[in-house]
Amino acid sequence: KMEGGAIVGTTEAMKDPRFLRKTRTKFVAKDVKFQITSRQIRSGESVVSITALALEDAADAVDKLADEVAIKARPMVKAAE
């Protein structure tokens, strides 16, 4: 939830076979439109979640970058046995 912000529409489930789940929520705050996109991916025995917040005009570019970061995520610590 964002102070002073309002959700525009509903959270959208996005189909992307690279991720376990990917969602997009559009917001408006003080007449500024932006979106939050979250994606989860399995990395080893872990699940990594990457969330990106972007102004509407830059949302596609930021989303692409966040996808690349998520795809390259690797666990840094060996899972407990």
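The first residue in the sequence is number 1, and the count goes up from there. The structure presented is a predicted model; accordingly, all values stated were derived computationally and were not measured.
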In this structure, CD of Gln35 is separated from OG1 of Thr23 (nearest 0.5 Å) by 10.5 Å
Rounding to 0.5 Å, atoms CG (Leu20) and OG (Ser49) come to a distance of 10.0 Å
For Ala29 and Gly5 the tightest heavy-atom approach is CB-CA, 3.8 Å
Checklist entry - Hey, are the side chains of Ile7 and Thr25 touching, using non-hydrogen atoms and a 4.5 Å cut-off? => result yes
| Are Lys22 and Asp67 close enough for a salt bridge, meaning some N to O gap below 4.0 Å? | yes
Would you find a donor on one side and an acceptor on the other, under 3.5 Å apart, between the side chain of Ser43 and the backbone of Ala73?
-> yes
- prompt: Does the side chain of Gln40 come under 3.5 Å of the side chain of Ser38 through a donor N or O and an acceptor N or O?
  reply: yes
Verify the neighbour count for atom CG of Asp16: are there more than 12 heavy atoms of other residues, nucleotides or ligands below 6.0 Å? yes
ask   = Hey, does Phe27 have a side-chain heavy atom less than 4.5 Å from the side chain of Val8?
value = no
Inset, instruction - State whether the side chain of Arg21 and the backbone N or O of Phe19 hold a donor-acceptor pair below 3.5 Å, judged by distance alone. - result: no
*asked:* Are the side chains of Val28 and Glu56 in contact, using a 4.5 Å heavy-atom criterion?
replied: no
Review point. Is the closest side-chain heavy-atom distance between Ile36 and Thr51 below 4.5 Å?
Key: yes
With clusters defined by side-chain heavy atoms of hydrophobic residues (ILVMFWY) lying less than 4.5 Å apart, directly or transitively, does Ile71 cluster with Ile50? yes
| request: Say whether, by atom type as modelled, one donor and one acceptor occur between the side chain of Arg24 and the main chain of Thr37 under 3.5 angstrom. | output: no
